[in-house]
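Here the structure is laid out as structure tokens; the discussion comes afterwards.
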Amino acid sequence: NLRVTAGSALDPSARAGLASLTADLLPRGTNTRGAAEIAREIESLGADLSAGAGVDSSAVSLQTRSDRAEQAFAVFADVVRNPAFAAEELERARQQALDGLMVALSEPGSIADMAMTRALYGEAPYGSVASPNSLRAIGVDDARAYHRDYWRPDNAVLVIVGDVSHDAVFALAELHFGEWSRPAAPPPAMPDLNAHAPGSRTIVVDLPETGQAAVAIGVRGVARSDPDYFPLLVANNVLGGGYSARLNAEIRIRRGLSYGARSSFAARQAPGPVIASAQTRNDAAVQVFELMRAEIARIASEPAPGGELSARKAVLIGSFGRSVETTSGLAGQISTLALFGLPPDRLNTYVSDINAVTSDQARAAAARHLDLSRADLVVVGDAQHFFAQLRRLRPNAERIPVDALNLDREGLR
């Protein structure tokens, strides 16, 4: 796993989606291998090669048999260091991204995700949202410049996990990356990742005649390196981390208002979002919002009972255990720790870090960070069924017809 500290947060404002397209193009051809040749070579080795970008980072990952590591590693290094960025491959990748975006813009849940990103972070780095306009604006020169600026050895970490010796691993790395020299110019200055949108908003995206409404409440949480990270992670898992967590128990199991309600907490270099979400009938959207709001208030005001807390901790620990039981999962975890400036041995303390969180600590972290007074609300659905009722509760509610939705602007119009 080779990870660079550059993701969608570094996309230029008019080129949102550039980090993802750049990563997507890496396995699609190098200066010496075409896309089809790379695919055939990797397949013949029984290997798997993939690339992608997140918010804070981008990565290329290789899985291969240990006895074929040398041949597969040669392709891996070529893809990382020498992408061709062929115009025809860019057009193919762009069209696939546009097709996926068009599907997403017909789905309430996906629209709610994009609108919430803008509501929380606006035009700040974490507010980057790819749009049809931004994807069409990206050219080959943009991808080459992004790769030149950020895919460089002084901005990367290489993690190798598997049935290979220490000496063999370093020999492979030296052979294929030893001459990968640091550019003379420093990387571009990092933007302020702590920036965010001011105030709170209530956004209704009107999607007429859609069968369901998506409801989401979002706040900014904490950075991965923050002392409150583990207490807030546990609190979030009590709130909405699985089938038996509070949101799903209240909204789906007890009331039958949704097929699933949950909350997510993104670990990032700067405060990432905590988002409670569910899909429901249009006429139940306001009721679901009120139920979510009540559960968020409760997690911040009442310590979770010991049995409930232990059960939710067990879910986190079990999920972590599954994530590190494969070579690819372990490599990904280690490179992610490096991204956050944390040493690899923090993997060994994850279980104790979770178990050390008390009910009072989880409640206090929720009280500090899950502040409903600064929460953004996004509802996407057939607004004629709920907008008037919602506006009585949230007078600042703004109604945006889906045809007028503009992902390129903070205001979404």
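From a predicted model like this one, the values you see are computed outputs, not experimental measurements.
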Flag the pair [X] / [Y] as yes when at least one side-chain heavy-atom distance between them is below 4.5 Å, and no otherwise.
X	Y	result
Leu407	Arg118	no
Ile275	Ser263	no
Val215	Val379	yes
Tyr243	Arg252	yes
Leu257	Arg281	yes
Ile354	Leu233	yes
Val222	His369	yes
Ser58	Arg3	no

State plainly whether the residues [X] and [Y] are in salt-bridge range, i.e. N to O under 4.0 Å.
X	Y	answer
Arg246	Glu308	yes
Glu89	Arg92	yes
Arg94	Glu91	yes
Arg15	Asp142	yes
Glu41	Arg33	yes

For [Y], is there any backbone N or O sitting under 3.5 Å from a side-chain donor or acceptor partner on [X]?
X	Y	result
Asp11	Ala19	yes
Ser128	Pro125	no
Asp154	Arg182	no
Ser310	Gly307	no
Asp206	Ala383	yes
Arg28	Ile38	no
Asn82	Asn31	no
Ser57	Ala6	no
Ser301	Ala297	yes
Lys313	Asn237	no

- Item | Donor-acceptor side-chain pairing of Asp371 and Ser373 below 3.5 angstrom | yes
- Message: Would you call the rings of Phe265 and Tyr229 parallel, tilted or perpendicular, taking 30° and 60° as the class edges?
- Response: tilted
- Please work out whether the ring planes of Phe76 and Phe177 are parallel, tilted or perpendicular, with thresholds of 30° and 60°. perpendicular
- Quick one: do Ser323 and Gln333 satisfy side chain to side chain donor-acceptor pair (under 3.5 Å)? Show the steps, please. CA-CA 8 Å; Ser323 75; Gln333 287 281 355; 3.0 Å; yes
Exceeds 12 heavy-atom contacts within 6.0 angstrom, atom [atom1] of [X]:
X	atom1	answer
Arg374	CZ	yes
Asp163	CG	no
Glu209	CD	no
Gln95	CD	yes
Arg68	CZ	yes

Distance check, rounded to the nearest 0.5 Å: [X] atom [atom1] versus [Y] atom [atom2]?
X	Y	atom1	atom2	value
Thr210	Asp382	OG1	CG	7.5 Å
Arg152	Arg81	CZ	CZ	14.0 Å
Thr280	Met292	OG1	CE	9.0 Å
Leu412	Asn406	CG	CG	7.5 Å
Leu25	His147	CG	NE2	10.5 Å
Leu101	Ser131	CG	OG	7.5 Å

- His176 and Phe73: aromatic ring centres closer than 6.0 Å? yes
- Message: Under the criterion side chain to side chain donor-acceptor pair (under 3.5 Å), I'd like the reasoning laid out for Ser200 against Asp376: C-alpha separation, chi angles, the key distance, then a yes or no.
- Response: CA-CA 5 Å; Ser200 63; Asp376 292 287; 5.1 Å; no
- Begin from the C-alpha positions of Arg298 and Glu295 and carry the test salt bridge (Lys or Arg N to Asp or Glu O under 4.0 Å) through to its verdict. CA-CA 5 Å; Arg298 183 160 73 100; Glu295 290 301 332; 3.0 Å; yes
- Query: Can you list the steps and then say if Tyr126 with Asp56 is a side chain to side chain donor-acceptor pair (under 3.5 Å)?
  - Reply: CA-CA 9 Å; Tyr126 280 175; Asp56 284 322; 2.8 Å; yes
- Message: Checking Phe230 against Tyr350 for the side-chain contact (heavy atoms from CB on, under 4.5 Å) test, could you report, in this order, the C-alpha distance in whole Å, the side-chain angles of both residues, the deciding distance, and whether it holds?
- Response: CA-CA 9 Å; Phe230 282 104; Tyr350 183 91; 3.8 Å; yes
Distance-only criterion, 3.5 Å: show the donor-acceptor pairs between side-chain atoms of residues 108-116 and protein atoms not counting sequence neighbours.
unit_1	atom_1	unit_2	atom_2	d
Ser110	OG	Glu107	OE1	3.2

- Tell me, please, whether Phe85 has Arg144 positioned over its six-membered ring: NZ or CZ under 6.0 Å from the ring centre and within 45 degrees of its axis? no
- side chain to side chain donor-acceptor pair (under 3.5 Å) between Asn1 and Ser328: does it pass, once the steps are laid out? CA-CA 8 Å; Asn1 181 291; Ser328 60; over 6 Å; no
